[in-house]
2 protein chains.
Amino acid sequence: MARYEQIAGDLRDAIVRGEYAIGAQLPSEAELADRYGAARGTIRQAVAVLVNEGLVGSRQGARRIVLGSERSQSFAELHSFAQWARSMGYRASGAVVRSDRRPCTQSEAARLSLTPGEEVLTVLRLRRLDGEPVLLERTVYAGWIAPAVERLDPSCESVTQELYDAVGLVFAYGEHLIDAVAAGSEDARLLGVRRGSPLLRQRRTTTSQEGRPVECSDDRYRAGSVAFSIRNSTSTNPLVRRTGD
Amino acid sequence: MARYEQIAGDLRDAIVRGEYAIGAQLPSEAELADRYGAARGTIRQAVAVLVNEGLVGSRQGARRIVLGSERSQSFAELHSFAQWARSMGYRASGAVVRSDRRPCTQSEAARLSLTPGEEVLTVLRLRRLDGEPVLLERTVYAGWIAPAVERLDPSCESVTQELYDAVGLVFAYGEHLIDAVAAGSEDARLLGVRRGSPLLRQRRTTTSQEGRPVECSDDRYRAGSVAFSIRNSTSTNPLVRRTGD
DNA sequence: GAGTGGTCTAGACCACGAG
DNA sequence: TCGTGGTCTAGACCACTCA
């Protein structure tokens with residue numbers, strides 16, 4: 001592990017332990033450099049990690065301050081519902097409801113960098129948390145990955161994990177659009193809610209390490225089962241409002 | 001403007017103009033350093049901006065690649081509905097429906113770093129986009145900022161802007177919890193939707209530059225009016241799933 | 001093995017904040 | 001005014017990817 005990661009971890013632990021209260025000042029860069037025997041650049045890199053996590057606030061001229069003390073999830077595995085569930089202590093399961101090959105639409109072609117009409121694989125998957133249905137995924141896979149997806153166990157726990165094991169595919173980058181929709185009749189039936197009741201929708205496009213679009217998906221969570229959490233600051237802001245589209 | 005910001009802007013423009021296609025490689029750091037006459041560190045800082053925006057992907061050992069080409073919003077003003085609306089070409093308006101002082105609850109005390117029972121100001125505000133009601137804000141302000149909030153014009157366009165002008169307060173940091181809920185009867189009446197219809201809810205806590213909690217709010221968007229957009233990668237991941245709470 | 005990005009150092013100057 | 005974080009440089013070594 002890199003030196004700056006160790007230092008970041010050390011500082012994070014101190015914050016989580018409550019050694020620095022919320023609103024309290026962190027030591028200056030010079031002092032930290034001294035304490036850890038590292039160059040100022042390394043210290044800055046370490047503190048930048050905490051700033052990105054939203055635990056620490058930073059402004060030119062003033063000492064850095066502690067903003068929060070809650071340890072967030074390990075971020076590395078957002079795309080895997082199963083891995084997230086496990087880390088939260090839930091038992092995740094899933095089942096393929098339907099699976100079809102068909103030519104892609106215009107908009108799918110654009111989102112997956114395909115030529116219109118090229119074949120894609122669509123999969124409807126129901127995901128459960130401790131047996132409770134919470135998520136309905138309507139996923140469109142690019143044709144080139146379709147065979148590997150079709151070979152998967154329909155009730156496998158983690159598609160992400162299985163695809164990595166099978167063909168070394170890593171879901172590296174994602175774009176997400178989050179809004180609320182009313183449950184359609186199929187949604188309602190499978191998720192066990194009333195038609196028209198609120199669902200949290202996450203439309204995403206996932207890309208491989210090489211920048212190749214792999215899948216796009218319309219995921220619908222039962223209301224009350226899951227929320228998305230984001231931390232930000234005026235300077236670094238991952239969250240963008242968009243008009244519904 | 002800093003040198004690295006200029007370079008980042010230059011590269012971003014080139015990507016947006018399509019000079020680098022999606023999936024294409026960016027020039028190496030050495031080449032960019034040469035081209036811009038800057039040190040490698042400065043180039044790295046510039047490229048890091050694009051990586052954070054999700055436009056560019058980066059892995060050790062391989063050339064950086066272009067992931068997307070859509071210009072995201074200027075991020076600096078997330079907390080201001082009005083400023084976001086203006087930048088999107090909409091006309092924002094707002095009106096205070098109700099405003100009350102009362103002792104804070106236990107959970108509000110925790111979220112705003114107050115002592116239980118301390119007085120807070122609660123404001124119910126309806127926000128419109130081009131005249132259409134789209135957002136209902138139920139905001140709880142810490143007592144120390146309440147007087148400034150009460151002096152505001154009830155129909156002022158941007159609370160953020162007005163508070164900055166009036167008392168120099170900057171909303172610097174935020175924590176957000178996003179989920180979907182059914183419209184209650186008050187929600188339905190004010191937003192002009194049916195009771196029980198889906199709303200996108202954003203619960204947030206906002207903090208001043210000094211790390212002092214200012215307000216927490218329950219914001220509900222009419223479905224279809226707005227979506228939240230997020231870009232991420234396996235290494236830098238601002239988005240965290242949480243169980244509904 | 002060559003090229004590339006990731007880490008780290010040591011030092012400089014500047015812009016901003018707080019007292 | 002002085003301490004602090006923000007920017008920038010120049011050079012070094014390492015880990016990784018890819019042909």
Side-chain angles (χ1 to χ4, degrees), chain A residues 1-11 20 23-52 55-67 76 168-170 172-173 208-212 233-236, chain B residues 1-11 20 23-52 55-67 76 168-170 172-173 208-212 233-236:
Chain A
M1 193 196 276
R3 187 94 178 85
Y4 79 91
E5 286 179 296
Q6 294 171 15
I7 297 173
D10 198 51
L11 290 172
Y20 300 100
Q25 294 185 336
L26 239 47
S28 72
E29 292 179 357
E31 191 182 329
L32 289 172
D34 209 46
R35 181 188 304 177
Y36 289 104
R40 190 178 159 220
T42 307
I43 297 297
R44 285 182 62 79
Q45 219 175 340
V47 177
V49 172
L50 305 182
V51 171
N52 266 328
L55 288 180
V56 167
S58 196
R59 316 143 59 197
Q60 187 173 62
R63 276 280 182 90
R64 293 194 176 86
I65 51 174
V66 175
L67 294 175
L169 181 69
V170 176
Y173 309 106
S208 74
Q209 279 184 321
E210 298 79 23
R212 200 170 180 194
S233 65
T234 43
S235 48
T236 75
Chain B
M1 195 197 277
R3 187 94 178 88
Y4 79 91
E5 286 177 297
Q6 294 172 14
I7 297 172
D10 199 51
L11 290 172
Y20 300 100
Q25 295 186 335
L26 238 48
S28 72
E29 292 180 357
E31 190 181 328
L32 289 173
D34 209 47
R35 181 187 306 177
Y36 289 105
R40 191 180 159 217
T42 307
I43 297 298
R44 285 182 62 79
Q45 219 174 340
V47 177
V49 171
L50 305 181
V51 171
N52 265 327
L55 289 180
V56 167
S58 197
R59 315 144 57 199
Q60 186 174 61
R63 275 281 183 90
R64 293 196 176 86
I65 51 174
V66 175
L67 293 175
L169 181 69
V170 176
Y173 310 106
S208 74
Q209 279 184 322
E210 298 79 23
R212 201 171 180 192
S233 64
T234 43
S235 48
T236 75

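Numbers restart at 1 for each chain; the letters A, B, ... are given by sequence-line order, proteins then strands. Since this is a predicted model, take the numbers as computed values, not measurements.
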Rounded distance (nearest 0.5 Å) linking atom CE of B:Met1 with atom CD1 of B:Ile7: 11.5 Å
Once rounded to the nearest 0.5 Å, what's the spacing between atom OG1 of A:Thr42 and atom CG of A:Leu32? 12.0 Å
Distance check needed: [N] [atom2] versus [X] [atom1], whole Å only.
| X | N | atom1 | atom2 | result |
| --- | --- | --- | --- | --- |
| A:Gln25 | C:dG17 | CD | P | 14 Å |
| B:Ile65 | C:dG5 | CD1 | C1' | 13 Å |
| B:Glu31 | C:dG5 | CD | C1' | 15 Å |
| B:Glu210 | C:dG19 | CD | P | 11 Å |
| A:Gln45 | C:dG5 | CD | C1' | 12 Å |
| B:Asp34 | C:dG3 | CG | C1' | 15 Å |

For [X], answer base if it contacts any base atom (sugar-phosphate contacts may also be present), sugar-phosphate if it contacts only those atoms, and nothing otherwise; contact means non-hydrogen atoms under 4.0 Å.
| X | answer |
| --- | --- |
| B:Ala30 | nothing |
| B:Arg40 | base |
| A:Arg44 | base |

Side chain to side chain contact (heavy atoms under 4.5 Å, CB included) partners for [X], two or more places apart:
| X | answer |
| --- | --- |
| B:Arg44 | B:Glu29, B:Arg40, B:Arg64 |
| B:Gln45 | B:Tyr4 |
| A:Arg212 | A:Trp144, A:Ser208 |
| B:Val66 | B:Ile15, B:Tyr20, B:Leu26 |

Boundaries of the DNA chain D segment in contact with chain B, non-hydrogen, under 4.0 Å: D:dT7 to D:dC18
Between A:Ala62 and B:Ala62, name the one whose nearest nucleotide on DNA chain D is closer to the 5' end. A:Ala62
Between B:Arg63 and B:Gln209, just flag the one whose closest nucleotide in DNA chain C comes earlier from the 5' side. B:Arg63
With nearest nucleotides of DNA chain C determined for B:Gln60 and A:Ile43 from heavy-atom distances, which residue corresponds to the more 5′ nucleotide? B:Gln60
Partner residues of A:Arg35 under the salt bridge (charged side-chain N to carboxylate O under 4.0 Å, His left out) criterion, sequence neighbours left out: A:Glu31
Is the phosphate of C:dA18 approached by A:Arg59 (side-chain N or O, under 4.0 Å from OP1 or OP2)? yes
At their closest point, which heavy atom of B:Leu50 faces which heavy atom of B:Ala8, and how far apart are they? CD2-O, 3.7 Å
Axial bend angle, the helix from C:dG1-D:dC18 to C:dA18-D:dT1: five-pair end segments, nearest 10°: 20°
Side chain to side chain donor-acceptor pair (under 3.5 Å) with B:Asp10: which residues, sequence neighbours excluded? B:Tyr36
